[in-house]
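Keep in mind that what you see is a predicted model, and the values were worked out from it rather than measured. Each chain gets a letter, A, B and so on, in the order its sequence line appears, and its residues count up from 1.
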There are 2 protein chains.
Amino acid sequence: MNEQRVNKPTISDLAKAAGVSVTTVSHAFSGRRHVDPETAKRIQALADQMGYHPSSMARALRSGRTGVIALASSMPFAVAAGPSRLGFLMEIAASAAMSALTRDLALCLIPPHPAAQGKGSVGFDGVILVEPMRDDPLVAYFEQRKTPIVSIGTVPDRPDIPAVNIRSRETAALLLDHLAQQGCHRVAALIGSAPRTSQIESAAAYEAFVTRFGGSSLLVRMGEEEAEDTAYQETLQLLRANPSIDGIFAAIDAFASGAMRAAQELGWTVPDRLRLVTRYDGVRAKLSQPPLTAVDLHLPAIAEKAVHLLLDQIEGSSRMIEADLPELIVRRSSQRRS
Amino acid sequence: MNEQRVNKPTISDLAKAAGVSVTTVSHAFSGRRHVDPETAKRIQALADQMGYHPSSMARALRSGRTGVIALASSMPFAVAAGPSRLGFLMEIAASAAMSALTRDLALCLIPPHPAAQGKGSVGFDGVILVEPMRDDPLVAYFEQRKTPIVSIGTVPDRPDIPAVNIRSRETAALLLDHLAQQGCHRVAALIGSAPRTSQIESAAAYEAFVTRFGGSSLLVRMGEEEAEDTAYQETLQLLRANPSIDGIFAAIDAFASGAMRAAQELGWTVPDRLRLVTRYDGVRAKLSQPPLTAVDLHLPAIAEKAVHLLLDQIEGSSRMIEADLPELIVRRSSQRRS
DNA sequence: CTGCTTATGCAAATCGTTTTGCTACCACGC
DNA sequence: GCGTGGTAGCAAAACGATTTGCATAAGCAG
């Protein structure tokens with residue numbers, strides 16, 4: 001009992017070794033109360049020597065914070081693992097992980113695994129939801145567990161949930177205006193059918209664009225699964241039925257890839273016969289042939305804001321944050337003279 | 001003190017409500033000891049009604065397990081955040097997160113942030129290292145903290161650290177043999193200079209290939225930062241200096257992208273004039289024009305094995321796991337007749 | 001009735017911190 | 001001698017679960 005285990009030294013081991021009480025050691029580390037600099041130095045040295053690290057679990061229990069936040073998307077990773085939206089989610093994940101770590105938090109990836117429903121043995125201090133849908137079960141789940149939530153992209157119909165507005169309306173407007181400027185007269189839109197704010201606002205921006213510039217609306221809504229193939233099929237139909245189309249706005253980059261394939265198959269050259277633009281400037285946009293005009297959404301900044309907001313949320317205050325304005329990145333796929 | 005807080009109900013709240021002791025409640029949940037089915041049912045119902053969830057922190061403290069494992073790569077995310085190896089790492093991350101969750105573990109992403117050196121307030125039960133380098137500081141760090149380690153791709157010079165062998169030698173051999181079969185006589189190799197097993201074994205496989213088929217070695221080693229541009233530059237030089245080259249083996253997909261650009265700029269058509277293959281079958285390989293012949297490394301399976309192995313490791317036993325054999329995916333970039 | 005087993009439940013110790021009172025002790029001015 | 005203030009440090013009570021050892025009761029054979 002009073003032997004030292006092979007295991008990690010505890011605070012009381014350290015206290016004993018230093019000849020002080022555990023309280024003093026604790027204060028020496030946290031600085032919550034003054035301890036004699038001499039003593040503090042001795043404790044520090046001894047701690048290093050013994051390889052003492054305060055137990056995160058004990059600290060968590062006492063403080064009520066695990067120091068872990070979660071990143072969750074309602075889009076099954078299995079779907080995202082096709083190259084579809086993996087890039088988008090993971091770019092956020094990587095940035096959020098960095099932001100979290102600089103605040104001494106760890107970031108957990110939690111896939112919406114069916115088996116994980118009831119379980120989830122780990123407690124999170126908060127969760128960042130990526131582009132949740134209307135009535136997203138993840139929202140319900142975390143609200144029931146009273147876990148603070150921050151959303152990247154507002155939660156449709158839930159203005160009460162703090163979110164980082166990723167400005168999907170502005171993004172869509174940017175792209176559509178660009179197409180108009182490039183001389184497009186008949187622009188179609190490929191938009192996801194899931195009720196996420198980005199898709200809802202993209203659709204709204206498109207409708208506004210159509211009524212402003214005249215012409216009938218050519219909006220195709222489609223599911224996110226098998227996004228590229230679906231978009232391929234739909235675009236084939238769309239272009240055949242509407243030979244006057246000269247521009248396409250794809251609200252998801254995988255849609256753009258599919259549309260590009262369809263256009264090429266029909267012999268519509270991009271950008272001469274058809275201009276094609278998409279929102280997310282990921283690998284797809286960059287590597288496409290020709291490269292796709294897209295929008296820099298400032299994802300790392302958005303992730304950083306989300307972490308920041310979540311921390312506020314955990315500590316009580318709540319508010320909404322606007323992301324930086326998105327910026328257009330013009331590439332060949334939409335330019336007047338190739 | 002005896003009032004119920006606005007906060008989460010504890011086990012003793014529940015026990016009081018059910019009219020039993022905390023012990024009984026605990027047993028009812030864990031099943032470590034028999035409790036009357038009647039009582040158990042009542043407790044369950046009450047728990048659901050009150051929204052009781054056992055505190056993960058208390059459980060962690062008692063059991064010594066946080067239920068959190070980490071995924072770390074020594075490749076700065078900042079580098080990976082260019083589209084370079086993001087795909088590779090993140091595909092593993094997504095899969096590992098799923099595997100972890102099915103075992104009731106959470107997976108944390110930990111970027112090698114400079115500021116995170118001394119800190120890291122969260123305790124991990126174990127860590128999965130992705131393709132660590134020789135003398136990787138991450139290895140030293142976690143060894144010092146006595147955190148169980150499992151590596152994806154063996155740690156060079158550290159056969160004692162349990163790892164999932166991702167069979168880089170076989171992967172390289174597969175690709176090189178394919179090139180030979182396609183009629184290549186003079187194959188060059190683009191290989192990363194970081195001392196990771198994948199690169200070391202790729203180089204070895206290449207040298208073996210060269211000595212077997214004759215001809216001189218054309219191996220270019222280059223850094224991982226700015227991978228695509230570096231490869232572009234190096235390939236330009238390489239092709240100009242060696243017009244007889246008819247095949248390139250790129251050990252990193254970003255290298256392949258750069259090489260492709262260089263070839264196209266020099267007017268070497270792929271695959272007619274030059275056949276190009278790479279290891280990782282990610283977005284780059286699939287979206288490249290022409291698409292790249294690559295290898296299915298079975299990353300999800302590898303991630304799953306890593307999690308499994310780590311769990312063994314945490315519980316004591318230790319061993320090495322072989323990944324499934326990699327499989328060639330032939331695409332246009334390397335085929336004899338386009 | 002005694003002795004033995006099985007079913008059920010409880011009280012208390014434990015995990016490693018943080019935090020709250022409280023006690024010395026010293027020095028100073030009156 | 002005595003209050004007053006400041007400094008250093010300690011003991012003990014949380015935090016919320018799990019687990020061990022013990023207690024009670026019932027069932028049953030002898």
Side-chain angles (χ1 to χ4, degrees), chain A residues 1-43 47 50-67 104 120-123 125 145-146, chain B residues 1-43 46-47 50-67 104 121-123 125 145-146:
Chain A
M1 215 74 99
N2 53 1
E3 264 74 40
Q4 50 192 17
R5 294 268 191 58
V6 275
N7 262 332
K8 306 233 196 139
T10 77
I11 195 175
S12 69
D13 293 339
L14 179 52
K16 219 164 292 175
V20 296
S21 80
V22 294
T23 314
T24 307
V25 176
S26 176
H27 287 332
F29 274 89
S30 67
R32 314 269 304 171
R33 224 135 107 167
H34 185 89
V35 312
D36 189 282
E38 196 86 3
T39 322
K41 189 151 282 183
R42 186 160 42 96
I43 290 174
M50 304 172 51
Y52 167 79
H53 294 283
S55 147
S56 60
M57 312 169 212
R59 194 198 292 270
L61 176 58
R62 189 76 236 276
S63 65
R65 298 270 188 83
T66 56
D104 235 1
S121 68
V122 180
D125 290 345
R145 289 189 69 132
K146 298 195 203 301
Chain B
M1 214 72 101
N2 52 2
E3 264 74 40
Q4 49 192 17
R5 295 265 191 59
V6 276
N7 263 331
K8 304 232 196 146
T10 78
I11 194 174
S12 68
D13 294 339
L14 180 53
K16 220 164 292 174
V20 297
S21 79
V22 293
T23 315
T24 306
V25 176
S26 176
H27 287 331
F29 274 88
S30 66
R32 313 272 302 172
R33 223 136 107 167
H34 186 88
V35 311
D36 188 282
E38 196 87 2
T39 321
K41 189 151 281 184
R42 186 160 40 97
I43 290 174
L46 224 40
M50 304 171 52
Y52 166 78
H53 294 283
S55 147
S56 59
M57 311 169 211
R59 194 199 292 271
L61 176 57
R62 192 71 233 279
S63 66
R65 297 269 188 83
T66 57
D104 237 0
S121 68
V122 180
D125 290 345
R145 289 188 68 132
K146 298 195 204 302

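- Listed by first and then second residue, the side-chain hydrogen bond (donor to acceptor under 3.5 Å, both in side chains) pairs involving residues 24-34 of chain A are S21(A)-T24(A) (not counting sequence neighbours).
- Atom CD1 in I11(B) sits about 14 Å away from atom C1' in dC15(D), given to the nearest Å.
- When the P atom of dT18(D) is taken as reference, atom CZ of F29(B) falls 9 Å away, rounded to whole Å.
- The phosphate of dT18(D) has OP1 or OP2 within less than 4.0 Å of a side-chain N or O from S26(B).
- The nearest whole Å value for the distance from the NZ atom in K16(B) to the C1' atom in dA17(D) is 15 Å.
- Proximity of T23(B) to the phosphate of dG9(C): no side-chain N or O atom is located under 4.0 Å from OP1 or OP2.
- The nearest heavy atom of DNA chain D to M57(B) and to H27(B) marks one nucleotide each, and the one closer to the 5' end goes with M57(B).
- Residues A58(A) and S30(A) each lie close to DNA chain C; by heavy-atom proximity, the contact nearer the 5' end of the strand is made by A58(A).
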For nucleotides 23-26 of chain D, print each protein N/O atom paired with a nucleotide N/O atom at under 3.5 Å, atom names and distance only.
none

Please list, pair by pair, any protein nitrogen or oxygen found under 3.5 Å from a nitrogen or oxygen in nucleotides 4-8 of chain D.
| residue | atom | partner | partner atom | Å |
| --- | --- | --- | --- | --- |
| dA8(D) | OP2 | H34(A) | NE2 | 2.8 |

Are any protein N/O atoms closer than 3.5 Å to N/O atoms in nucleotides 23-26 of chain C? If there are, list each pair with its distance.
none

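- A17(A) and M50(A) make their closest contact through CB-SD, 4.1 Å (heavy atoms, listed as atom of the first residue, atom of the second, distance).
- For the pair P9(A) and G51(A), the tightest heavy-atom approach, listed with the atom from each and the gap, is CG-O, 3.9 Å.
- Rounded to an integer number of Å, the gap from NZ of K8(B) to C1' of dC15(D) is 14 Å.
- The interatomic distance linking L61(A) (CG) with dA13(D) (C1') rounds to 13 Å, in whole Å.
- Residues satisfying the salt bridge (charged side-chain N to carboxylate O under 4.0 Å, His left out) test with R65(B), not counting sequence neighbours, are E315(B).
- Note that the CG atom of D125(B) and the OG atom of S63(B) stand 8.0 Å from one another [nearest 0.5 Å].
- Under the side chain to side chain contact (heavy atoms under 4.5 Å, CB included) criterion, A18(A) pairs with V20(A), R42(A), I43(A), L46(A), not counting sequence neighbours.
- One finds no side-chain N or O of T10(A) lying less than 4.0 angstrom from the OP1 or OP2 phosphate oxygen of dG16(C).
- From I11(B), atom CD1 reaches atom OG of S55(B) across 10.0 Å, with rounding to the nearest 0.5 Å.
- Although no hydrogens or angles enter the test, the distance criterion places no donor-acceptor pair under 3.5 Å between the side chain of T66(A) and the main chain of A60(A).
- Axis angle between the ends of the helix from dC1(C)-dG30(D) to dC30(C)-dG1(D), five pairs each and rounded to 10 degrees, works out to 60°.
- The distance from atom NZ of K146(A) to atom NE2 of H53(B), rounded to the nearest 0.5 Å, is 9.5 Å.
- For the OP1/OP2 pair of dC10(C) and a distance below 4.0 Å, the side-chain nitrogens and oxygens of T24(B) include at least one atom meeting the criterion.
- A47(B) pairs by the side chain to side chain contact (heavy atoms under 4.5 Å, CB included) definition with L14(B), F29(B), Y52(B), not counting sequence neighbours.
- Between R32(B) and dT18(D), a side-chain N or O to OP1/OP2 separation shorter than 4.0 Å is absent.
- Side-chain nitrogen and oxygen atoms of R62(B) include none within less than 4.0 Å of the OP1 or OP2 phosphate oxygen of dG16(D).
- Note on Y52(A): only backbone sugar-phosphate atoms sit closer than 4.0 angstrom, heavy atoms only; bases stay farther off.
- In this structure, R65(B) atom CZ and dT14(C) atom P are separated by 22 Å, rounded to whole Å.
- The two atoms that bring G123(A) and S56(B) nearest to each other are N-OG, 3.0 Å, heavy atoms only.
- Every side-chain hydrogen bond (donor to acceptor under 3.5 Å, both in side chains) that T10(B) has, sequence neighbours left out, goes to S12(B).
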